[in-house]
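In the text below, chain A, chain B and the rest are named by the order of the sequence lines, each starting its count at 1. In this text the structure is predicted, and so the values were computed from the model without any measurement.
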Protein chains: 2
Amino acid sequence: MSAKRTTVVKHLLLLGAYLQREAGRMLLDVDINQQQFVVLKEIQERGPMIQREICSAILFEKSNVSKIVKKLLKSGLVTSIPSAEDARAASLSVTPKGRLLIGRCMKKLNAWNRKWLEGLSEKELEAAVEVLDRIAAMAK
Amino acid sequence: MSAKRTTVVKHLLLLGAYLQREAGRMLLDVDINQQQFVVLKEIQERGPMIQREICSAILFEKSNVSKIVKKLLKSGLVTSIPSAEDARAASLSVTPKGRLLIGRCMKKLNAWNRKWLEGLSEKELEAAVEVLDRIAAMAK
DNA sequence: CATAAATGGTATCCATGTCAACTATATTCG
DNA sequence: CGAATATAGTTGACATGGATACCATTTATG
């Protein structure tokens, strides 16, 4: 019981570190890193949104999100307009350039994911999604 | 299918980053970071072992493991004796001080894991272990 | 056997993630 | 209302992880 929990946490820790490295390498030649990509994708999927919303969605530190957004703005992958409700915040959206880059990255990532996880049956994949959804929900 | 794979990878990426941060914070007051602890624990469980073995067991970069081991040696948590088989390598073991620290850390971590994952049923926990074992095996 | 290639490990440079302190605006409540 | 508190976001210092080049030894190969 306690051992199982420890196993789960250890796996998540190690797989997380491994994936961060691998994804980072894969994205090297598009001049974006793995966390920047995660934020960009999040904005595309659920945006327009402000930084706080990004933080709670993907569980990054706000200072980290702030720096990532700064880079994405600088590279012209997202745009920012002052929030109507809150003068401290800015509403972020993905630019056409950003959408283009997401497309290219997803192709690479999908190919890699497929290769990496091809040994998993459809059933296993479903089980994985289900259980990870559950666990992710507990983190919030 | 492809979407499910993406979901799995995304969850692993985000949960990994989240856990690294949380575990790191939890270990702050024992002056060790999360990766150092993972390496230390690995040496305790499967040691004595050399750096290369650590790398392939936990999928860290060798330059990273080298630095981590250096710190563990400096803090007196592990000891190193020249490997009998290979003059380039050194065999690493956990010291009594290291074992002590592992005990203290495990207490903290177990408490935290329990609290975090208490919503998971025994069945779900088993499903999680099973599927993560499978996925971890594919990473090697 | 000797040279080339591979491997275990280290040192250095650089990017990046975290923390803490801060500014500015919003919200709460006496 | 106005002071206190909370919240959105930024910044700078710092530690650390990854890439690279490198050394020493081991293994493979002509």
Run the side-chain donor-acceptor check on residues 77-91 of chain A: report pairs under 3.5 Å with partners two or more places apart or on a different chain.
residue, atom, partner, partner atom, Å
A:S83, OG, A:E85, N, 3.2
A:S83, OG, A:D86, N, 3.1
A:D86, OD1, A:R88, N, 2.8
A:D86, OD1, A:R88, NE, 3.1
A:D86, OD2, A:R88, NE, 3.4
A:D86, OD2, A:R88, NH2, 2.7

> Measuring from B:T7:OG1 to A:D133:CG, what's the distance to the nearest 0.5 Å?
Replying inline: 7.5 Å

>> Quick check on contacts: within residues 13-37 of chain A, what sits under 4.0 Å from DNA chain D by heavy-atom distance?
In response: A:R21, A:R25

>> Is there a side-chain contact between A:S66 and the phosphate of D:dG9, meaning an N or O under 4.0 Å from OP1 or OP2?
In response: no

> Once you round to the nearest 0.5 Å, how far does CG of B:L125 lie from CZ of A:R134?
Replying inline: 11.0 Å

Per-pair distances, 0.1 Å, donor-acceptor, side chain in residues 44-54 of chain B, under 3.5 Å, sequence neighbours excluded:
residue, atom, partner, partner atom, Å
B:E45, OE2, B:K41, NZ, 2.6
B:R46, NE, B:E42, OE2, 3.0
B:E53, OE1, B:I50, N, 2.8

>> With heavy atoms of chain A within less than 4.0 Å as the criterion, where does contact along DNA chain C begin and end?
In response: C:dT16 to C:dA26

> Could you go step by step and tell me if B:L40 and B:I32 meet the side-chain contact (heavy atoms from CB on, under 4.5 Å) rule?
Replying inline: CA-CA 10 Å; B:L40 184 63; B:I32 190 174; 4.1 Å; yes

> Under the ring-ring contact (aromatic ring centres under 6.0 Å, His included) rule, what pairs show up with a residue in residues 35-72 of chain B, not counting sequence neighbours?
Replying inline: none

>> It should be established whether A:Q51 places a side-chain nitrogen or oxygen under 4.0 Å from OP1 or OP2 of nucleotide D:dT10.
In response: yes

> For the helix from C:dC1-D:dG30 to C:dG30-D:dC1, how many degrees between its two end axes (five pairs per end), to the nearest 10°?
Replying inline: 30°

Detail all sub-3.5 Å separations between protein N/O atoms and N/O atoms belonging to nucleotides 26-28 of chain D.
residue, atom, partner, partner atom, Å
D:dT26, OP1, B:A87, N, 2.9

> What is the nucleic acid contact for A:K70, judged by heavy atoms within less than 4.0 Å: base, sugar-phosphate only, or nothing?
Replying inline: sugar-phosphate

> Taking only residues at least two apart or on different chains, which pairs with a member in residues 68-127 of chain A satisfy ring-ring contact (aromatic ring centres under 6.0 Å, His included)?
Replying inline: A:W112-A:W116

>> Go nucleotide by nucleotide along DNA chain C from the 5' end; which of B:A89 and A:K67 gets its closest nucleotide reached first?
In response: B:A89

>> According to salt bridge (charged side-chain N to carboxylate O under 4.0 Å, His left out), does anything in residues 95-121 of chain A pair up with another residue at least two apart or in another chain? List the pairs.
In response: A:D29-A:K108

>> Checking B:T6 against A:N110: is there a side-chain donor and acceptor pair closer than 3.5 Å?
In response: yes

> Do any pairs count as a salt bridge (charged side-chain N to carboxylate O under 4.0 Å, His left out) and have a residue in residues 66-76 of chain A, sequence neighbours left out, and if so which ones?
Replying inline: none

> Going from OG on A:S93 to CD1 on A:I43, what distance comes out if it is rounded to the nearest 0.5 angstrom?
Replying inline: 8.0 Å

> So which of residues 54-63 of chain A are in contact with DNA chain D, with a heavy-atom cut-off of under 4.0 Å?
Replying inline: A:K62, A:S63

> Got a second to check how far B:L13's CG is from A:L12's CG, nearest 0.5 Å?
Replying inline: 12.0 Å

> Tell me the ring-ring contact (aromatic ring centres under 6.0 Å, His included) pairs involving residues 63-102 of chain A, sequence neighbours left out?
Replying inline: none

> So, B:S75 versus B:D31: side-chain donor-acceptor pair below 3.5 Å or not?
Replying inline: no

>> To the nearest 0.5 Å, what is the distance between CD1 on A:I68 and CG on A:N33?
In response: 6.5 Å

> Over how many whole Å does the gap from A:K71 atom NZ to D:dT11 atom P extend?
Replying inline: 12 Å

